[in-house]
Amino acid sequence: MSTLYQVLTPEGELATNLDGQLDQATMVKMFENMLLVRRFDRKSIILQRQGRMGTYAPFEGQEASQVGSAMALSPGDWLFPTYRDHAASIVHGQSMARVFLYWMGHMDGSISPSHLNIMPQCVPIATQMIHAVGTAWASKLKGEKKVSLAYFGDGATSEGDFHEALNFAGVFKTPTIFLCQNNGYAISVPFSQQSASKTIAQRAAAYDIPGVRVDGNDVFAVFMTIRQAIDRAKAGEGPTLIEAVTYRYGAHTTADDPKKYRDQENVSEEWRRERDPIQRLRVYLEKQGLWTEAWENERLASFGEKIDAALAEAESYPKSRPEDMFKHVYAEPTWMAAEQEKELAQPVKKEGIPA
Amino acid sequence: MSTLYQVLTPEGELATNLDGQLDQATMVKMFENMLLVRRFDRKSIILQRQGRMGTYAPFEGQEASQVGSAMALSPGDWLFPTYRDHAASIVHGQSMARVFLYWMGHMDGSISPSHLNIMPQCVPIATQMIHAVGTAWASKLKGEKKVSLAYFGDGATSEGDFHEALNFAGVFKTPTIFLCQNNGYAISVPFSQQSASKTIAQRAAAYDIPGVRVDGNDVFAVFMTIRQAIDRAKAGEGPTLIEAVTYRYGAHTTADDPKKYRDQENVSEEWRRERDPIQRLRVYLEKQGLWTEAWENERLASFGEKIDAALAEAESYPKSRPEDMFKHVYAEPTWMAAEQEKELAQPVKKEGIPA
Amino acid sequence: MKRKLTMIQAITEAMDQKMAEDSRTMLLGEDIGVNGGVFRATENLLQKYGPNRVVDTPLAESGIIGAAIGLAMNGMIPVVEIQFLAFIYPGFEQIVSHAARMRYRTRGHYNVPLVVRTPYGAGIRGPELHAESVESFFAHVPGLKVVVPSNPYDAKGLLIAAMEDPDPVIFLEPTKLYRAFKEEVPEEMYREPIGKAKVVREGNDLSIFAWGAMLRVADDAAKQIEREQGISCEVVDLRTIYPLDRDTIVSSVKKTGRAMVVHEAHKTMGVGAEIISVINDEALIYLKAPVKRVTGFDVPVPQFSIEDDYMPTPSRVMNGILETVTY
Amino acid sequence: MKRKLTMIQAITEAMDQKMAEDSRTMLLGEDIGVNGGVFRATENLLQKYGPNRVVDTPLAESGIIGAAIGLAMNGMIPVVEIQFLAFIYPGFEQIVSHAARMRYRTRGHYNVPLVVRTPYGAGIRGPELHAESVESFFAHVPGLKVVVPSNPYDAKGLLIAAMEDPDPVIFLEPTKLYRAFKEEVPEEMYREPIGKAKVVREGNDLSIFAWGAMLRVADDAAKQIEREQGISCEVVDLRTIYPLDRDTIVSSVKKTGRAMVVHEAHKTMGVGAEIISVINDEALIYLKAPVKRVTGFDVPVPQFSIEDDYMPTPSRVMNGILETVTY
Ligand SMILES: Cc1ncc(C[n+]2csc(CCOP(=O)(O)OP(=O)(O)O)c2C)c(N)n1
Ligand SMILES: Cc1ncc(C[n+]2csc(CCOP(=O)(O)OP(=O)(O)O)c2C)c(N)n1
Ligand SMILES: [Mg+2]
Ligand SMILES: [Mg+2]
């Protein structure tokens, strides 16, 4: 249970036979996606520092978990990200411009591309896990072969909603995949203080559903594990709980200072040096003759341009107008909204009181 | 894990060595307590039918779980009953008159004897489990060797609070004992529909705490299991989750008709015939020369009198007065309460309007 | 002879007909299947529509409401039964932070056509927390609608409207009225509009605003005081608590010049406060006396032996009327 | 020179001094230990009082508040930090159905001396659900007290009073004010009374009731309109939202004859409604104009780029003042 499923070792060696589950094109795409989202993440931090975005939640270090899982999905599948899972959203088809808009506090930041089902980033911890039970249940009732994939963190496993979601999914055998990115911390609280249980995967036993613990920095392992869970789900065998063990290199958000609660210099650097998801795939691809430095640089340059274009799109997107807040509260606006919108628009009266 | 710990078989034989953990006086007391509370329970149903009490939640069939567990406690220990655990409350020292008052809808029905810590019967499912973490935690912080025992049902295990309580108790190693009476049903819903998990005890694994599954109709097994959990708790080793497998013979409450959702005639009667907690102890005691029919009849007569006396006490207890509702909202009443109490007392005005 | 139903029968019929008409509709809740619900609101519906559409859920209100949100977002029309209003709290976050906000956050790309039904209010002499009337909580949450029927006819028409509403509706069913009386209810499907109050008694001296079980208390008091003292009260059944039907409230007060609100909920921050505020905003100068609130008291609902004393009674309402008209 | 503190420093000091004075006091919450809290309210307190008294809990608000109830019943004085007000919902049931009712149910045999502190209101440009101001919910729950400081001095005095209160107190800390300004705060312990409002500016033409971050908005508007147009507003800081200080509210309105409430919460069923109702009850005939509500709108708090437009501003307050005095 507490052993870690691994396919690609940190040294870039295959630990298991791939059994034809991964072709080279997919591997290259994995690498490209991870490069892209890491660059996106770093750019976002800079934008936040420059005051062009609000507080931002970075994911660097967790690329394999997010990219590997999202790449295992089909376009019809439902994706439930938290505030840290925009890499997954982007890979599943969300536009980077939209993600920028979200962090810019734009009212349109949570819109899914219309042919996809990418949920808004979920802020209240663990609450989205239950929605992913509901959407999956509906897919099943409608006879659609679609899964719902819920992302959440190690801290989320302490919330009652975690429990209720897993239990519901177990009872109704919904095609839901629960992917916990155990990055070791819920803001400052290490998992050892979050629970007496040693792993998250072991909790699956409480619901008699499968639980898998996987190296979350191993994009192959994540991809293959999710694929297996999808197969089970689509075969009507119900949910799977997956614990992807990983680490965020940086702060919880740009408002957080990780040095307050952990040894950033040594531990974060150790993860980066010894278990980086991108580096191990780079080594592997190089051995396969699929990677050269020149090629990576070319890709990076192209990604940089894509990100800049997305940023330009976001920054030139029409700003949220105050009156936007009155839209979409209900299908039909209430009389309160109609009147209050007028109050909002009222200029400051300059006339005095009658003498 | 799914094996049932049993000490006294339904045939009244010892399945395990008692190892001196139970003396004869305790056994006799167990029998007496179970007789008493069963009689109390039946009387209560009659009182409800006669309109002398409100809706009542009977526990017949679950006497071993409640009596065995409560008898394992010391007077200083904290007891958290649900609406169905008045047998446990009575054994721990709550007066039967007080329990009657509760079901009569009296404002004073939830008062603990002042030297004991018997909590009000908890209505919102699973919520009390967390309180039992808090009180136990405080005992631990104060260096008091006291445990907190929380009762709950199989249905309660689906609530988020179940999970949060067990997880907190695991993290802070609080001296809390979680006793689930798995009577097979949450009102009409069988446990097989409550969860995909086959047992409740197996959920302990999710928190790395011990989980024990015990024959809940075996008063010896319950008592010994709770004693062991108490020893662990007092030794600072933290909480234990205990699943006592049992059955309620009757309705969920007097407002419920179990025939709607289960085979009362066959299944309930089978439990009563083949696994009754009182009968098996009767057989055992008789073999030990500790039981005769005459003695039992004498005890029953005496318990009947005690119950009648408690009922008389409850029925002659000063009725709740309307103004009682304004007391104990806060330590100091608010101005609203003071005024509203006057409004309540106002007689209907008879004077008309000015012509 | 016309067919008469109790409120609970009218509610069952509304669900039954909607289930028959629209296969996206499904029911979820504790003990609603085999058992037909603790008040029998879903009696026989499992048998009729099967376990995929009438679902006995695990005992977990956040799970129920949260799953229903997901179901609603993916094409179903879930109708959730919460066993008693006070047991909605574990699902409060799902209602407030998700159901009410999904349309808003996604700029209309997703909506949550969810109905949460629950018995509400005192009157069955149940144990603690079986008598709460906390409609206020939901009436402060933009994105929700809050509906309370006071009779079988409205119960059916409003519930059908709620099930057809594209937004989440909290549908509060006065427990006390479930079987209190029968009334003619048309067999066919019909809708009563959400957001519209109904003047149930015309009058000139004072307007009384009430809903749910208190409507009858108010109306009984109005009848008696008219008979005994010739005071003519206009009685308005609000029916929808959020959004309020301001026009009906205001025009009634403009006519009578006096007003009263009767509700079971605690006085402070009860919906009466908002009604007073609406009158303050729109009809202050018409008021000949302060608007009177006859409500539950600012104490937890007491144990059932004195529960009736907590509740507004016709006498308290009559005292309030007299106080207001003689002000 | 006198010592000046920000509000967050005053809050830290209140807890620090109480922890030092009374060993029953303990702090619980997410990230409050090693990290000192996301707003640093508990900075250095773990180091000072150790992990038994400053507890980093699991991420589970029902667990935190529920455990605190048990701790409180068994002799401790727990002070809980909820990271942001919207994250209190998972613990809503524990607050409403237990903390507020334990004294009542046990007829005073048990009480729950619990303080739940939480940052509240908009102003830090955070993501969704970091800007809620739902004090209404708690102001409808008999058994709770609800306190909101508007400045460092009150924050310290009220928090000490809350920690010494034998009943549960919901202590809402306006996020926007945490570091907005410094003010003289005495070094020693002192108490500000719960349930008492404070007149912060005397005036004759109109009474403005506000609290928390809106107090300054109201006061700024009052200053400006006095300067520019000679309108004299009385500004009252309610400080306690439940129970309201009726006497102060009513006597101010009797003096000025006009009133306004300013709050961040949604208008409908906001605390403004209750204040209007109190005025209706006690001072209706003194009113020369409807009581004006300048509040957050009846929409979910929008994403932060237009969050400021959701909030009352001095201009909106001034418009309201003009509307009321020229009514
Ligand atoms: C219900 C709730 N409580 C508290 C918070 C504040 N909060 C935001 S992120 C976070 C930590 C989450 O940790 P984890 O689940 O491990 O996810 P990670 O941030 O590590 O990705 C907390 C406490 C919240 N958003 N929702
Ligand atoms: C939060 C909450 N939801 C629903 C209920 C209504 N209810 C009362 S008892 C019960 C079933 C409880 O089943 P279980 O936990 O197995 O205990 P048992 O009644 O069998 O002893 C339900 C659903 C409640 N009291 N609280
Ligand atoms: Mg984490
Ligand atoms: Mg049960």
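Below, chains carry the letters A, B, ... as their sequence lines are ordered, and counting in each starts from 1.
Residue C:Ser277 comes nearest to D:Ala273 through the heavy atom pair OG-CA, 3.1 Å, listed as atom of the first residue, atom of the second, then distance. The minimum heavy-atom distance linking C:Ala100 with D:Pro300 is given by the pair O-CG, 4.5 Å.
The structure places OG1 of D:Thr268 at 10.0 Å from CZ of C:Arg246, a figure rounded to the nearest 0.5 Å. Atoms CD and CD, from D:Glu93 and C:Glu93 in turn, are 13.0 Å apart once rounded to the nearest 0.5 Å. To the nearest 0.5 angstrom, D:Ser97 atom OG is 7.0 Å from C:Glu132 atom CD. Separating the CZ atom in D:Phe138 from the CE atom in C:Met269 is a distance of 12.0 Å, to the nearest 0.5 Å. The distance from the CD1 atom of D:Ile276 to the CD atom of C:Glu274 is 7.5 Å, given to the nearest 0.5 Å.
Note on D:Ala86, D:Gly270, D:Gly143: by heavy-atom pairs under 4.5 Å with chain C, the leading option is D:Gly270. Heavy-atom pairs under 4.5 Å with chain C were tallied for D:Lys267, D:His266, D:Gln303; the largest tally goes to D:His266.
The contact between C:Val301 and chain D is made entirely by backbone atoms, counting heavy-atom distances below 4.5 Å. Within the 4.5 angstrom heavy-atom criterion, atoms from both the backbone and the side chain of D:Val299 approach chain C. Heavy atoms of C:Gln94 lying under 4.5 Å from chain D are absent altogether. Heavy-atom distances place both the backbone and the side chain of D:Pro302 under 4.5 Å from chain C.
Ring pair D:Phe92/C:Phe137 is perpendicular by interplanar angle, where above 60° counts as perpendicular and below 30° as parallel.
Residues D:Arg101 and C:Leu129 are in side-chain contact: their nearest non-hydrogen atoms beyond the backbone lie under 4.5 Å apart.
Taking non-hydrogen atoms and a 4.5 Å limit, the residue list of residues 278-293 of chain D in contact with chain C, ordered by number, reads D:Val278, D:Asn280, D:Asp281, D:Leu284, D:Ile285, D:Leu287, D:Ala289, D:Pro290, D:Val291, D:Arg293.
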